[in-house]
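Here's the structure, in structure tokens; my notes come after.
In what follows, chains are A, B, ... by sequence order, proteins preceding strands, each numbered from 1.
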Protein chains: 4
Amino acid sequence: MTTEHGRRLRLGMVGGGHGAFIGAVHRTAARLDDCYELVAGALASTPERALESGRDILKPGARNYSTFEQMVLAESSREDRIDVVSIVTPNDAHHKVAKAFLQAGIHVICDKPLTTDVSQAHELERVAKERGRVFVVTYNYSGYPLVRQAREMVAAGDLGELRLVHVEYLQGWLTERLEDTDNKQARWRTDPARSGPGGCLGDIATHAFHLAGFVSGVTPERISARLDTFVPGRRLDDNVNIRMRYASGAQGTLWASQVAPGHENDLHLRIYGSRGSLSWRQEEPNRLRFTRHGEVPRLYTRAGPALGGAANHATRIPGGHPEGYLEAFAQLYKDAAALIHARNESLDPPATALLAPTVREGAAGVEFIAAAIDSHRADAEWTSLLAGDSR
Amino acid sequence: MTTEHGRRLRLGMVGGGHGAFIGAVHRTAARLDDCYELVAGALASTPERALESGRDILKPGARNYSTFEQMVLAESSREDRIDVVSIVTPNDAHHKVAKAFLQAGIHVICDKPLTTDVSQAHELERVAKERGRVFVVTYNYSGYPLVRQAREMVAAGDLGELRLVHVEYLQGWLTERLEDTDNKQARWRTDPARSGPGGCLGDIATHAFHLAGFVSGVTPERISARLDTFVPGRRLDDNVNIRMRYASGAQGTLWASQVAPGHENDLHLRIYGSRGSLSWRQEEPNRLRFTRHGEVPRLYTRAGPALGGAANHATRIPGGHPEGYLEAFAQLYKDAAALIHARNESLDPPATALLAPTVREGAAGVEFIAAAIDSHRADAEWTSLLAGDSR
Amino acid sequence: MTTEHGRRLRLGMVGGGHGAFIGAVHRTAARLDDCYELVAGALASTPERALESGRDILKPGARNYSTFEQMVLAESSREDRIDVVSIVTPNDAHHKVAKAFLQAGIHVICDKPLTTDVSQAHELERVAKERGRVFVVTYNYSGYPLVRQAREMVAAGDLGELRLVHVEYLQGWLTERLEDTDNKQARWRTDPARSGPGGCLGDIATHAFHLAGFVSGVTPERISARLDTFVPGRRLDDNVNIRMRYASGAQGTLWASQVAPGHENDLHLRIYGSRGSLSWRQEEPNRLRFTRHGEVPRLYTRAGPALGGAANHATRIPGGHPEGYLEAFAQLYKDAAALIHARNESLDPPATALLAPTVREGAAGVEFIAAAIDSHRADAEWTSLLAGDSR
Amino acid sequence: MTTEHGRRLRLGMVGGGHGAFIGAVHRTAARLDDCYELVAGALASTPERALESGRDILKPGARNYSTFEQMVLAESSREDRIDVVSIVTPNDAHHKVAKAFLQAGIHVICDKPLTTDVSQAHELERVAKERGRVFVVTYNYSGYPLVRQAREMVAAGDLGELRLVHVEYLQGWLTERLEDTDNKQARWRTDPARSGPGGCLGDIATHAFHLAGFVSGVTPERISARLDTFVPGRRLDDNVNIRMRYASGAQGTLWASQVAPGHENDLHLRIYGSRGSLSWRQEEPNRLRFTRHGEVPRLYTRAGPALGGAANHATRIPGGHPEGYLEAFAQLYKDAAALIHARNESLDPPATALLAPTVREGAAGVEFIAAAIDSHRADAEWTSLLAGDSR
């Protein structure tokens with residue numbers, strides 16, 4: 001268990017009111033390692049619901065705002081203003097909220113996908129850089145200790161030259177037309193006005209894409225995407241099949257689906273090189289399988305033997321005491337806190353904290369979505385991931 | 001994710017300073033569901049180390065005491081005194097600390113084993129009852145959602161008449177003489193002066209015993225115990241083998257070991273009845289295997305289909321997003337909070353919170369340790385679990 | 001265990017001499033259920049090696065031929081001539097051998113891929129039909145009981161409308177340039193002159209393709225194939241990535257690799273429909289996972305509860321007593337024997353035996369190889385599987 | 001795949017007619033590696049059923065006897081008499097049949113438990129020795145390649161000094177009173193007149209006992225046994241719980257059950273030493289888990305990397321192509337053939353073949369049954385395994 005220390009950062013939250021799954025996740029993650037105190041919020045998109053959610057969720061004494069605009073304004077002028085804002089609204093609001101807080105000099109933690117549009121993503125990149133603010137995008141699966149171990153092993157050459165990357169992210173919850181019920185999650189995640197142009201693509205394929213890049217250390221040059229919508233009447237894709245080509249000659253495949261009954265949240269990454277392979281599965285996150293070609297497979301465990309610094313940094317409790325999704329999510333909050341403290345004090349950030357995904361990875365995810373949609377519309381034509389890049 | 005609500009309880013902690021694994025676990029667990037604020041502590045057994053740990057661990061403004069006696073005294077006279085104390089010292093101090101706080105009218109959350117001696121355990125039971133205080137003992141594995149599901153299924157008769165209970169709790173970390181190094185955990189856990197008379201028996205076999213009783217709903221009448229010490233020079237047992245007889249005719253076996261290399265924290269419960277069986281494993285806590293005799297095995301998952309109220313109450317996030325050890329531990333803190341609020345307001349506690357292990361289960365664990373040692377000394381003679389019972 | 005009965009068929013073998021993995025597999029498979037007696041062979045491609053292999057492998061009294069041509073000629077004129085020939089040569093010889101035996105009125109069991117060329121495959125189809133001979137192609141994975149169970153469940157509509165088929169076949173043995181050593185298997189399987197135009201494609205992707213079709217009951221209309229050769233200097237593909245489109249709108253993916261270290265013979269089929277899913281893995285062939293959408297996953301086991309007729313027909317021993325590769329292979333031999341007996345006696349064959357893959361499935365495999373190569377050469381263009389069909 | 005060679009031995013069979021599970025297993029096992037030809041049989045215990053079974057099961061030309069006495073007599077006087085007899089009757093007939101064939105100078109392969117009585121077992125040991133005949137007892141789980149690998153690793157000291165042996169053998173098929181139906185297997189296996197004094201004890205606990213000894217290389221000095229009969233009206237035990245003490249100070253536990261729903265044939269062996277551990281499970285026989293203390297677990301696979309000679313000798317096909325129960329069973333037949341050829345030619349037997357369990361191991365199994373029953377009757381008193389030993 002890491003030692004708790006340092007001043008707790010003052011955290012504000014936009015979105016994440018009643019019925020929002022991910023808002024509660026962010027709050028728990030922020031709390032878990034005790035690096036934050038939630039002191040302000042504008043928790044929903046209409047003033048009444050925002051205030052009502054705030055009354056229930058925020059602690060006594062916290063600032064409960066009816067809109068994020070009001071929140072930016074009020075916080076900007078306070079002595080004890082928030083250090084950082086968490087943005088956990090539906091995707092379409094990320095850009096305007098993040099921009100406003102950045103411009104007020106406030107650090108940002110934002111859910112993914114970063115924006116619904118590449119130019120907005122690039123704008124956030126630019127503004128974050130100009131303002132010198134920390135900007136963490138919650139590709140939370142990168143917070144798992146054994147994911148960081150896998151990254152370290154690839155970087156150390158344990159797999160040899162990379163050849164094949166295969167990442168799957170399978171869910172079954174949208175097998176039927178759940179968006180016609182009162183399921184809030186299903187409704188906004190299948191609504192292009194709130195989710196942006198990607199359904200399964202934006203919701204989970206981006207996670208898979210980030211994870212593959214995070215561990216392999218490389219980004220494909222081009223992708224060929226097929227998007228399917230299997231459930232009649234659904235307005236966005238619910239299944240994604242992507243081929244990826246890397247500059248090195250490596251090849252990749254990404255399969256994401258929300259119509260795969262029998263799977264809950266089955267994100268599974270496998271990487272093969274000239275000397276070995278790795279396999280990691282989110283539903284069993286405390287295990288990592290590594291095989292050197294010609295040797296027997298080895299099962300690494302979280303906090304077990306033979307792990308490197310990155311994994312050990314991201315672990316709290318001994319091996320065999322499972323850590324899960326919330327702990328991995330909390331790791332990004334912990335990393336963000338370290339980055340913010342360093343920035344505030346003009347220090348070099350600790351190397352371990354630099355693993356937290358930044359606005360650049362956030363923008364890369366949006367570029368990925370755009371390229372996948374372009375490719376799909378052109379009958380899976382090979383499409384550069386950098387086509388829309390204006391940096 | 002459960003909705004956060006209610007006043008946060010003021011929490012004090014005794015023990016759990018620098019280098020204490022379980023102290024940090026308790027603090028994280030207390031924080032996770034936001035039901036507590038840690039406002040006071042006497043974090044180590046010597047005044048200097050206590051104050052030093054407190055300076056690092058407690059928040060600014062929290063009361064940092066040099067001894068628990070001072071803490072009881074000072075808190076008793078405060079308006080904003082702590083509602084509840086967490087006792088996370090080595091086992092030998094549980095009794096005196098718990099008794100002191102109970103007598104001051106403060107609710108108690110205490111680690112297991114409750115005491116190092118049966119009469120002390122019974123005294124705590126009596127005092128808690130007299131003072132009407134909530135007393136939760138952290139048999140934390142009972143906080144897992146699928147453990148509660150298993151309990152509910154047994155109670156509902158899904159397994160028919162119980163026949164066999166088999167529980168294992170295997171670790172390998174004490175395979176060598178780790179207590180000769182500076183490993184703090186190994187040192188106190190193998191030291192009879194601090195651990196009490198049980199080594200592996202008190203440290204993990206008690207967990208296994210509690211889990212088996214919690215899920216099966218029954219306690220054995222008699223046990224036959226063999227305790228081994230495999231590592232030369234070790235002062236306490238490091239391997240435990242127990243047979244259990246139930247009044248119904250059911251039979252049980254309990255095997256706990258800390259010299260089983262290849263296992264980290266492998267607590268595994270299996271129950272067989274005339275109509276079906278259950279299997280649950282702590283290292284994969286989000287799965288529960290259930291087989292009706294003559295049908296194919298079914299894999300229940302946390303937050304998945306077909307679960308009952310107890311499991312759903314104890315779950316925070318959707319299926320496939322693994323919850324782990326800290327979440328299960330936090331569940332006991334959450335249950336304790338509900339019990340304390342109810343007690344403070346003289347209301348009936350919610351049924352779900354009543355699953356939290358009480359001082360009775362704590363005392364039963366101490367009786368179990370005593371009976372196991374008696375049995376072992378009499379060459380595994382069948383020994384009544386109630387032999388020492390003076391209630 | 002099935003009851004043994006009926007006259008044992010007289011079996012001849014072409015190929016399969018010293019050092020041939022698959023020859024010994026065929027002989028064991030033929031023996032396992034006692035439906036055959038191996039009475040003749042031309043076991044290698046040169047007369048000396050053929051005779052030498054025959055001396056070691058064939059029983060005393062068996063006819064040991066130096067060439068298959070001599071064997072056809074001699075057997076044709078015998079009273080006790082062979083009923084059926086097994087062809088287990090490298091792929092390039094399948095066509096000429098099979099044609100010669102068919103024309104002599106002898107039934108054929110032939111390894112896959114059927115031929116190295118579509119027109120040859122179609123010719124065999126035609127000749128087999130004209131001569132009315134049984135022709136079984138050893139897509140042996142279709143012999144597993146739970147594969148047949150899966151097929152039956154799909155056909156019964158247990159999965160609803162099919163949406164997604166994903167089949168993987170991963171091996172690691174060709175991760176390095178094994179063909180430069182004296183490994184016989186590696187040498188001929190990477191040699192286009194003996195294997196035909198497909199490397200990994202012909203060797204294992206065809207198995208995956210057959211399995212997917214066998215279980216799903218449908219064949220894709222079009223495929224888009226990418227073939228990779230990762231090992232420098234290798235003359236054939238060693239990794240295959242194929243997208244498949246079905247007439248119904250279902251989508252499929254097939255991934256086969258021989259450069260995936262950490263995998264031995266990892267053929268894994270998953271099928272998803274509007275109401276449920278199935279997953280089966282060759283390395284754990286005695287289990288089949290089935291999930292109805294909205295229910296908990298169920299684990300079917302070979303010879304366990306709830307199985308249908310096809311699975312039970314193909315099983316020999318009780319559940320929990322693992323059957324494996326040789327038993328599945330033997331199933332095709334057993335089915336072939338039933339077909340041959342029925343044909344010889346002009347009876348209707350038993351329905352269960354009709355599951356054995358025929359020359360049609362063999363030809364479909366060759367069409368698949370050809371279409372995949374065409375597609376690959378046209379930069380993964382969607383290619384009809386029936387393009388080269390002249391029937 | 002091993003090379004086939006050598007004269008096939010002439011095999012006779014006693015028992016194993018219609019409806020006998022194990023008879024067909026023996027015949028298939030004998031056939032699998034082509035070392036035997038079944039030429040004679042007395043397949044049931046009454047003349048009519050014997051002849052009827054023989055007509056269906058034996059090949060044309062084989063000798064079909066009405067009784068084993070007739071068979072011994074007739075075979076003894078033939079030039080081409082059988083080399084070896086397989087005895088697959090219910091347990092009560094093993095002794096008289098084996099003795100008769102041994103006295104006629106015929107080698108014996110006999111199912112377990114060897115006899116229903118210790119003195120009979122010792123007599124067979126003596127007669128086999130006097131007559132110099134090969135006598136293999138089919139503790140078939142010792143035929144699995146990875147079981148032999150495990151044995152070799154223990155012998156090589158890879159686990160250090162042995163501390164703990166835990167073996168389980170769980171089945172669920174007798175959860176209800178199946179012997180009241182027409183299930184032949186359930187009827188004789190729960191009938192003391194045919195099974196002998198052990199139910200679950202003789203049927204499967206003996207297998208577990210043999211396996212533990214085979215792999216660990218040591219036999220316990222004393223055991224403490226508890227036998228349960230959970231199903232009302234059952235005449236023999238259906239659950240067995242045994243503690244074992246080894247001379248070295250190692251401790252063991254053996255749990256066998258036939259009333260454990262959810263298990264099919266779940267024989268699972270785990271061994272722990274001062275330096276590492278092993279785990280092997282019969283239902284997944286192609287995997288062996290090995291952990292060196294302080295290192296990550298390693299998964300050995302059949303025919304995979306890092307195996308020793310014993311495992312490689314007992315494997316037929318490449319890794320990832322599962323071998324199963326019949327192959328392991330066949331290994332004993334193959335070993336027996338090697339032993340018989342060596343004996344017949346007065347040669348030293350190959351070391352690998354010496355792993356096949358002999359009449360000594362068979363007798364040890366009967367001693368184990370007797371000791372377990374004695375111990376159980378004396379309320380689980382520690383009982384010497386050699387108490388009844390008269391050698």
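Using a 4.5 Å cut-off between heavy atoms, A:T175 touches chain C through backbone and side chain atoms alike. Within the 4.5 angstrom heavy-atom criterion, no atom of A:R298 approaches chain C. Residue contact with chain A, scored on non-hydrogen atoms closer than 4.5 Å, is absent for C:E264. Using a 4.5 Å cut-off between heavy atoms, C:N241 touches chain A through backbone and side chain atoms alike. At a 4.5 Å heavy-atom cutoff, A:E381 makes no contact with chain C through either its backbone or its side chain.
Checking A:R243 against C:S224 by side-chain atom types alone, a donor-acceptor pair falls below 3.5 Å.
Contact check on C:E176 versus A:R275 returns no salt bridge, with no Lys/Arg side-chain nitrogen under 4.0 Å from an Asp/Glu carboxylate oxygen. A salt bridge does not link A:D379 to C:R222: none of the charged nitrogens lies less than 4.0 Å from a carboxylate oxygen.
Among all heavy-atom pairs drawn from C:P261 and A:S277, the shortest one is O-OG, 2.6 Å.
Annotation: side chain of C:V259 is not in contact with side chain of A:H293 (no heavy-atom distance under 4.5 Å).
Relative ring orientation between C:W255 and A:Y272 is described as perpendicular, the plane-to-plane angle rising above 60° on a 0-90° scale split at 30° and 60°.
Here the OG1 atom belonging to A:T291 is positioned 7.5 Å from the NE2 atom belonging to C:H263, to the nearest 0.5 angstrom. A distance of 4.5 Å separates CG of C:L164 from CG of A:N239, quoted to the nearest 0.5 Å.
In terms of non-hydrogen atom pairs under 4.5 Å with chain C, the most contact-rich of A:R292, A:R289, A:E295, A:R270 is A:R270. Among C:S279, C:G276, C:G294, C:P297, the residue making the largest number of heavy-atom pairs under 4.5 Å with chain A is C:G276.
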Check the pair C:Q251 / A:F230 against side-chain contact (heavy atoms from CB on, under 4.5 Å), numbers first and verdict last. CA-CA 10 Å; C:Q251 299 282 356; A:F230 281 109; 3.7 Å; yes
Going through the distances and angles, do C:H166 and A:L170 end up as a side-chain contact (heavy atoms from CB on, under 4.5 Å)? CA-CA 12 Å; C:H166 182 77; A:L170 305 183; over 6 Å; no
